[in-house]
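These notes are about the structure you will find just below.
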Amino acid sequence: MKTILLVEDNGSNMYLITFMLKEKGYNVLQAFRGEEGVKIALKEKPDLILMDIQLPDIDGYEATKRIRASDAPKMPIVAITSYAMAGDEEKALREGFTGYLMKPIDPATFLQEIEKYMSVVAG
Amino acid sequence: MNDKTIKILLIEDNAGDIRLIREMLTEAKYIAFDLECADRLSTGLARNARGDIDIILLDLGLPDSQGLDTFNTINNQTSNVPIIVLTAFEDDAWAIKAVRKGAQDYLVKGKVDSTLLVRTIRYALERKKAEAELQKARDTLEIKVMERTEELHVANVRLEELGNLKSAFISSMSHELRTPLNSIIGFTGIMLQGMAGGLTGEQRKQLTIVKKSGDHLLALISDVIDVSRIEANHIELNVKEFDFSDMMRDVKDSFKVVIDEKGLKLVLEVPEKLMVESDERRMKQVIMNLVSNAVKFTDEGAVEIRVVEVNGKVEVAVKDTGIGMKKEDMTRLFKQFSRIPVEGRQIEKGTGLGLYVSKKVSDLLGGKIKVESTYGVGSKFTATFPLSYGKAMR
């Protein structure tokens with residue numbers, strides 16, 4: 001079973017995404033804060049990380065930077081955020097994210113995207 | 001000036017000229033003069049320094065000073081007292097220069113009578129007074145301009161701060177408003193997909209309304225935020241090269257569901273590949289809006305999209321067989337919150353901002369939107385953008 005770490009501070013979104021992923025048969029780990037996310041990522045080495053950018057302690061960029069600087073730098077990390085500003089996608093990719101998903105999440109396409117990122121890892 | 005005696009200082013060394021002038025002044029009616037004389041520049045300067053002189057009559061050739069120097073010396077001492085230069089020759093170069101340097105006038109000795117002398121003195125006094133007032137007005141104006149410039153500068157700085165604040169506010173509101181909507185749209189999506197268990201027909205119908213309302217609210221928020229950003233000049237463009245044809249195929253795909261629902265046809269004619277250098281997301285936003293309008297206002301028939309490259313530009317024509325528009329309504333199309341009511345038709349869902357935003361965004365991209373429409377027959381919106389944003393804006 002593939003494991004996905006979800007770093008998200010909003011409870012409803014956490015529940016929503018977790019629900020969808022579990023429904024698809026993924027094992028889901030949860031972190032509500034950036035530092036907590038980094039800790040779990042390094043300990044559990046999930047197959048994919050979904051990371052919100054705006055978090056209460058360190059933001060998604062900083063968390064990603066710390067993971068990239070660790071002994072598991074190749075972990076796929078996908079930004080998931082409602083920051084729909086021009087240039088945000090570029091910024092996310094520049095700052096070390098593997099991909100970028102924009103809220104609101106459409107269940108149909110969201111799961112396809114996740115599978116796409118998983119298969120990239122597998123391949 | 002009748003009420004006041006005019007104090008004249010005559011600086012002149014020729015006793016005959018002094019007598020002549022005194023006689024002419026005595027002849028004058030209606031005006032009282034008080035004449036004081038100095039036969040050297042130095043004594044003239046000394047007398048003038050004591051003040052209360054209204055006007056100076058000055059001979060340029062004096063025992064202790066000659067020519068223009070005579071004028072300059074006394075003029076430097078007293079810029080407020082008008083000076084009339086006395087000269088022996090009609091074309092005296094010094095006298096003319098003195099006038100250029102600020103003397104009120106010059107009089108040629110032997111060609112002056114009482115009337116001319118009095119008139120010259122009066123005019124000189126009046127002119128000097130006017131000059132002084134003009135100078136005062138200029139000084140005041142200069143100070144006022146400086147004050148206003150400073151005020152404007154302060155206001156500009158404040159405006160810039162406000163602009164930044166507004167931008168930060170918009171960015172934060174955008175995030176805050178969308179976050180709860182994500183839950184609403186996401187969970188209804190999950191339920192409609194049947195992921196949370198089976199639904200009755202009525203539940204499905206009602207959830208679909210919730211989902212559509214959520215989508216509508218999201219569109220409203222996006223439009224309002226776009227308008228604020230456009231009006232605050234805070235739209236950042238993200239320019240890079242992309243395949244326009246690919247983007248257009250994406251646009252077509254995203255309308256598949258609604259086109260099928262309405263039983264319409266959506267035709268896309270596009271070159272196999274068309275590379276464009278601009279902001280893809282913003283261009284797509286404009287075209288999506290045009291197509292969305294076409295679909296919205298067409299109940300039967302087809303929406304045709306044709307993409308052609310002409311003269312370094314990409315032209316996208318969106319033609320529908322919809323309800324069309326009357327001429328008088330077309331001028332209001334690109335205004336904010338302008339919804340054109342259609343008889344016998346429920347007001348369409350929308351923000352009334354779509355075309356306003358599209359027009360502004362297309363301006364930003366160096367593009368244009370053109371409309372042709374026949375009431376009851378259909379409309380055709382044509383958007384034209386430069387193939388290269390960078391080249392077009394240079």
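Below, chains carry the letters A, B, ... as their sequence lines are ordered, and counting in each starts from 1.
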**Asked** What part of A/Phe110 gets closer than 4.5 Å to chain B, counting heavy atoms only: side chain, backbone, both or neither?
**Response** neither
**Residue B/Met191 excluded, over 12 heavy atoms near CE under 6.0 Å** = no
**Message:** If the contact rule is any heavy atom under 4.5 Å from chain B, which residues of residues 6-13 of chain A qualify, in numerical order?
**Reply:** A/Asn10, A/Ser12, A/Asn13
**Asked** Which pair of non-hydrogen atoms, one from A/Glu23 and one from B/Met195, has the smallest distance, and what is that distance?
**Response** OE2-O, 3.3 Å
**Prompt:** Counting only heavy atoms not in B/Lys370, do more than 12 fall under 6.0 Å of its NZ?
**Reply:** no
**Rounded distance [0.5 Å steps], CG in B/Asn182 versus CD1 in A/Ile17** = 8.5 Å
**Request:** Name the region of B/Ile184, side chain, backbone, both or neither, that has any atom closer than 4.5 Å to a heavy atom of chain A.
**Result:** neither
**Message:** For the NZ atom on B/Lys284, are there more than 12 heavy atoms of other groups (residues, nucleotides or ligands in this structure) within a distance under 6.0 Å?
**Reply:** yes
**Request:** Evaluate whether atom CD of B/Glu160 has more than 12 neighbouring non-hydrogen atoms of other residues, nucleotides or ligands under 6.0 angstrom away.
**Result:** no
**Message:** Could you measure the distance from the OH atom of A/Tyr15 to the CZ atom of B/Phe187? Nearest 0.5 Å is fine.
**Reply:** 6.0 Å
**Request:** Could you tell me which portion of B/Lys211 (side chain, backbone, both or neither) has an atom closer than 4.5 angstrom to a non-hydrogen atom of chain A?
**Result:** neither
